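I have placed the structure first, in the form of structure tokens, so that the comments after it can refer back to it.
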Amino acid sequence: MTYEIQTIEEKWQARWEVERVFYVTEEPDRPKFYNLQMYPYPSGDLHMGHLRNYTYVDLLTRYRRMQGYNVLSPMGWDSFGLPAENAAIKTGIHPRIFTEQQIPRMKAQLRRLGAVYDWDRELASHTPEYYRWDQWLFLELYERGLAYKKKARVNWCPVDQTVLANEQVVDGHCERCGSPVDGRDLDQWFFRITEYAQRLLDDLAALDDWPDRVRTMQRNWIGRSEGCTFSLGVEGTDHAFDVYTTRPDTVFGMTFAVLAPEHPLAEALISGTALEDEARAYIAAAGRTSEIDRQAEGDKTGVFTGFHAINPVNGGRVPIWIADYVLMGYGTGAIMAVPGQDQRDWDFATKYGIEIIRTVQPPEDFEGEAYTGDGPAINSDFLDGLQMAEAKPAIISWFEDQGRGVGTVNFRLRDWLISRQRYWGCPIPMVTCPVDGLVPIPREELPVIHPDVEDYSPAGQSPLATVESFVNTECPKCGGPARRETDTMDTFVDSSWYFLRYADADNSEEIFDPSKANYWMEVDQYVGGVEHAVLHLLYARFITKVLHDMGLVEASEPFRALFTQGMLVKDGAKMSKSKGNVVSPEEYYARYGADAIRLFEMFIGPPTDDAIWSDNGVEGTSRFLDRIWRMATGEVGTIEDRDPAAADREILAEAHRMVRNVTEDIDRFSFNTAVAHLMTFANTLQAGLRAGLAREVHSEAIRLVLLLLSPMAPHLSHELWERLGHGSMLATEPWPTWNPDLVARDVVTMVVQVNGKVRDRIEVSADIDAETAERTALASERIQEWVEGKPIRKVVARPPNIVNVVVG
RNA sequence: GCCCGGGUGGCGAAAUCGGUAGACGCUGGGGGCUUAAACCCCCCUGUCCGAGAGGACGUGUGGGUUCAAAUCCCACCCCGGGCACCA
């Protein structure tokens, strides 16, 4: 080893910190760049997969800094949550103690990688200084009617013993622990995200620096649909119920109607009838089944109520059924069933022998299933002959004229359930008073600190409920005895505004100073995993819009550009502690140093793709860095004190091409090819040095290499920069520019094809015109051999790159 | 089922606008340096034919458009992800 990696890395890590190179304040006259990674849970140990992501962000921080931006790159901890709590249950150690042991370890590991942050802005969501503003935010939402408590069927994780938001249920299983989720009816707190559904949908359109994939996922999750809600009367009673449909044009084909088992009318209708027992048994069975078990498509069940509804368009009698394929939580919890035009209704009708009427003309030979395609309408009276796009507005107008229905919009997005029956989260600042009902804690009493408990184990209710001194309190309104809310908030509440807090992390008077937030927001580049596409990223957009509406921040979207990095894969699985396939960086730090690891992580493949870890890849980037060191320090070839010759000037031109290529590649997040361009130039430079290189060209080439390398391999670049006598700190140097005159080529290789196959390559002047190119190509002996004896049909010349001769 | 991605050497990959397929790196092979080894340096490394010059083939499969297709169009196969009884 020609240099002491460990010593150098420690030296520069210390200097960046001591000289506060990456600590920033608002400077209104400078362009700012807010560079942010999703703040991590402080798990303690970083593996190679984490390092990849931290390196991307650090690279961008350093790159934008050199480009002259006032770069904010803060770091903090998503420190509430289940891992600390589960550790506490096992060991009895307080989650706070556990968490606060992990944080310094994580910090040390980030420093070890050479990642730089403005640590003055460090925050941790488990601290009262932070979560008092969660509570403040909750109260603001409560007062605006955006936080409310209601009894609802919720997703219950039997292992974690807590409720989950819809977004946290994946394939019917708990997103965290993977166990199957049950249904439960509980009194829970919700945030009214549905009120923002349309805005959350509309504003997606402007987020064009987000991956389409994420935008599509959010669009689907929000799930806007346009249709019609109309009322069905129940024959022989005063009852009526609303149904929602996206296909009102098929209303003439309704042959039955369905109520969800939980629909209030279901109980009212069956009560006291002959079918009562059977129907009640069905409803009870459905109630025990979770929504997940109900999702067995094709195996639909239901029970007839004995009642009929009247079709408003033609007075037809249709039976009313109760079936669990209709969900109470969407639309009106009741539907008109049109088996001819809807496959689910078709399946149900077929099973129970219900009549099927087609109201849209299916293609010839189409039978045996519902036809869901476009018109023309048939069997539909005044709609006959219309296509779907004409029939829908026509029938909606008819309903509206009759006063029986109205065009409506529905969203699949449900309100965000934020209550959690767990200890290690932010307490909800509310009390329940027997006199005054739900009463908010006054703001001046915040934060509501959660007390220590004996037992962290969840038991169907929050462990906080076992602490009498916490639960029993006074009503802030009447002073009488009252009970505190013992649920805590979903940790996604913490993470839905932390990026605003970074703008003003120490503020003890307000959640943040709007003028500071307005300087830094929006986040210019956000980096994180795609797994948050409909969780964190949707919640953060929602809360940002609420804070915008409160007048606290001008931005109505939090993240201008989003970059979702791929995962690191080993042995066919994502690198993770639970899979037992993590590669610890320690050994690699010791053998190759942080720079070689960073460079390999950048070189391994496209950053948005998953990448497969290979043990000897670091070897390659380490060799490259060693070579740079030797070339910079004059250990390779000969450096000659003379004026540059043609060969030297060509190497300088190549250096400038490297500057252009690397810059353009970093700008388009193609870090792997940026590294490749540095390697390509190193090969050129090495050949030049072996042949003998003019000193001034050597110096300039090395200067450019170090500037370009510094965001990726900062330690080695800084050390060489200093040793070569530059008095400045490399990190604060301006990013290099390239000279277009040098980059331009005088002579290029022109490819000559015959019938599309490459037959010759000719060196030509770069400004060759089409006619000369054609003449030159045809003059080539090799081309003449291929053309000989055949008529030339056509010559396509695209100077200076290609000429294609078409013969025969 | 619907909606997105993707499929290129032994491996990771590149090809930014339809214009030299395989840059760069890894692995492997040959050679140099060395008493020897490591490091380092040079050469080769898509498949097939050929002593070589060179030629044929080649980007999941089958068609098509074009002077020219990894790239565009149609159909299909496979892999990954998202949504999924949302009326």
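Here is the naming used below: chain letters follow the sequence lines, and residue numbers restart at 1 for every chain. Remember, it's a predicted structure, so these values are computed and weren't measured experimentally.
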Quick one: which of B:G19, B:C40, B:A23 gets closest to the side chain of A:V796? B:G19
Consider the side chain of A:R623, meaning its heavy atoms from C-beta on, and name the nucleotide among B:C26, B:A87, B:C24 that approaches it most closely. B:C26
Give me the distance, rounded to whole Å, that separates B:A14 from B:U8 when you measure between the C1' atoms they each carry. 10 Å
Tell me: CZ of A:F600 to P of B:C24, nearest whole Å? 18 Å
Would you please confirm or rule out a distance under 4.0 Å between OP1 or OP2 of B:C83 and any side-chain N or O of A:R412? no
N/O donor-acceptor pair under 3.5 Å between A:D342 side chain and A:V338 backbone: no
Roughly, in whole Å, what's the span from CZ in A:R414 to C1' in B:C83? 14 Å
What interatomic distance, in whole Å, is found between P of B:G30 and the corresponding atom of B:A38? 13 Å
Pull up the glycosidic torsion of B:G12 and say syn or anti, syn being anything within 90° of 0. anti
How far does the C1' atom of B:C2 sit from the matching atom of B:C17, given to the nearest Å? 33 Å
Return a single string for nucleotides 2-18 of chain B, one symbol per nucleotide in 5' to 3' order, where B is base contact, S is sugar-phosphate-only contact and - is none, cutoff 4.0 angstrom on heavy atoms. ----------BSSSB--
How close or far is atom P of B:A87 from atom CG of A:D249, stated in whole angstroms? 14 Å
Is the backbone of A:Y325 close enough, under 3.5 Å, to the side chain of A:K300 for a donor and an acceptor to pair up by distance? no
Taking it one step at a time, do A:R745 and A:E654 satisfy salt bridge (Lys or Arg N to Asp or Glu O under 4.0 Å)? CA-CA 10 Å; A:R745 291 176 194 277; A:E654 282 297 322; 3.7 Å; yes
Of all the choices, B:U20, B:C40, B:A87, which nucleotide is nearest to the side chain of A:V751 once you look at every atom? B:U20
Within the 6.0 Å centroid threshold, strictly below: A:W613 and A:F600: yes
Between B:C85 and A:K300, counting only base atoms on the nucleotide and side-chain atoms on the residue, is there a donor-acceptor pair under 3.5 Å? yes
Taking the same atom, P, in B:U61 and in B:G10, what whole-Å distance lies between them? 14 Å
What's A:W613 touching, base or sugar-phosphate or nothing? Going by heavy atoms closer than 4.0 Å. nothing
Between A:R782 and B:G55, is there a contact of a side-chain N or O with OP1 or OP2 at under 4.0 Å? yes
Sidechain-backbone polar pair: A:R52 side chain, A:G566 backbone, donor-acceptor under 3.5 Å: yes
Can you tell me if A:R690 touches the phosphate of B:C42, counting only side-chain N or O atoms and a distance under 4.0 Å to OP1 or OP2? yes
In whole Å, what separates the P atom of B:C11 from that of B:G60? 14 Å
Please tell me which of A:A334 and A:Q686 maps to the more 5' nucleotide of RNA chain B, matching each residue to the nucleotide holding its nearest heavy atom. A:Q686
Any donor and acceptor pair, going by atom type alone, linking the side chain of A:S780 with main-chain N or O of A:T776 inside 3.5 Å? no
Taking atom P of B:C24 as reference, at what distance in whole Å does atom CE of A:M712 sit? 17 Å
If we take the C1' atom in both B:U66 and B:C74, what is their distance in whole Å? 16 Å
Once you round to the nearest 0.5 Å, how far does CH2 of A:W786 lie from NZ of A:K757? 9.0 Å
If you assign A:G617 and A:T301 each to the RNA chain B nucleotide with the nearest heavy atom, which residue ends up on the more 5' nucleotide? A:G617
Base, sugar-phosphate, or nothing: which does A:S225 touch, judged by heavy atoms less than 4.0 Å apart? sugar-phosphate
For atom P, what is the distance between B:C4 and B:U20, given to the nearest Å? 30 Å
Using modelled atom types only, decide if a donor and an acceptor are shared between the side chain of A:Y282 and the backbone of A:D324 within a distance under 3.5 Å. yes
Spacing between A:R798 atom CZ and B:G19 atom P, to the nearest angstrom: 11 Å
Mind telling me whether B:C17 is syn or anti, cutoff 90° either side of 0? syn
Salt-bridge test for A:E601 and A:R598: reply yes if a basic N is under 4.0 Å from a carboxylate O, no otherwise. no
With a non-hydrogen cut-off below 4.0 angstrom, is A:R224 in contact with a base, only sugar-phosphate, or nothing? nothing
Quick one: does any side-chain atom of A:R541 pair with a main-chain N or O of A:L200 as donor and acceptor, under 3.5 Å? yes
Donor-acceptor pair, distance only, cut-off 3.5 Å: does the side chain of A:Q218 make one with the backbone of A:L201? no
Identified stems (criterion: three or more consecutive Watson-Crick or G-U pairs, under 3.5 Å), RNA chain B: B:1-7 with B:77-83, B:10-12 with B:24-26, B:28-32 with B:40-44, B:46-49 with B:54-57, B:60-64 with B:72-76
With C1' as the reference atom in both, quote the distance from B:G58 to B:A51 in angstrom, rounded to an integer. 25 Å
Can you find a side chain N or O atom of A:Q753 that sits less than 4.0 Å from OP1 or OP2 on B:G19? no
Taking CG from A:D347 and C1' from B:A84, how many angstroms apart are they, rounded to a whole number? 15 Å
Hey, does the side chain of A:Y325 come within less than 4.0 Å of B:A87's phosphate (OP1/OP2), counting only N and O? no
To the nearest angstrom, the CG-C1' distance between A:N755 and B:A69 comes to 16 Å
Could you tell me how far apart A:L599 (CG) and B:C26 (C1') are, to the nearest whole angstrom? 14 Å
Specify whether A:H536 and A:H532 have parallel, tilted or perpendicular ring planes, treating 30° as the upper limit for parallel and 60° as the lower limit for perpendicular. perpendicular
Among B:C26, B:A56, B:G25, which is the nearest nucleotide to the side chain of A:R627? B:G25
So if I take residues 760-770 of chain A and measure heavy-atom distances to RNA chain B, which residues fall below 4.0 Å? A:R761
Any base atoms under 4.0 Å from A:S614, or only sugar-phosphate, or nothing? Heavy atoms, all strands. nothing
Please determine, by modelled atom types, if A:N410 and A:S225 share a side-chain donor-acceptor pair under 3.5 angstrom. no
Answer yes if the side chains of A:T749 and A:E763 hold a donor-acceptor pair under 3.5 Å, and no otherwise. yes
One thing to verify: whether A:E664 and A:R668 come together as a salt bridge, which I'm taking to mean a side-chain N less than 4.0 angstrom from a carboxylate O. no
So, is A:N683 near the phosphate of B:G25, with a side-chain N or O under 4.0 Å from OP1 or OP2? yes
A:K757 side chain near B:C57 phosphate (N/O to OP1/OP2, under 4.0 Å): yes
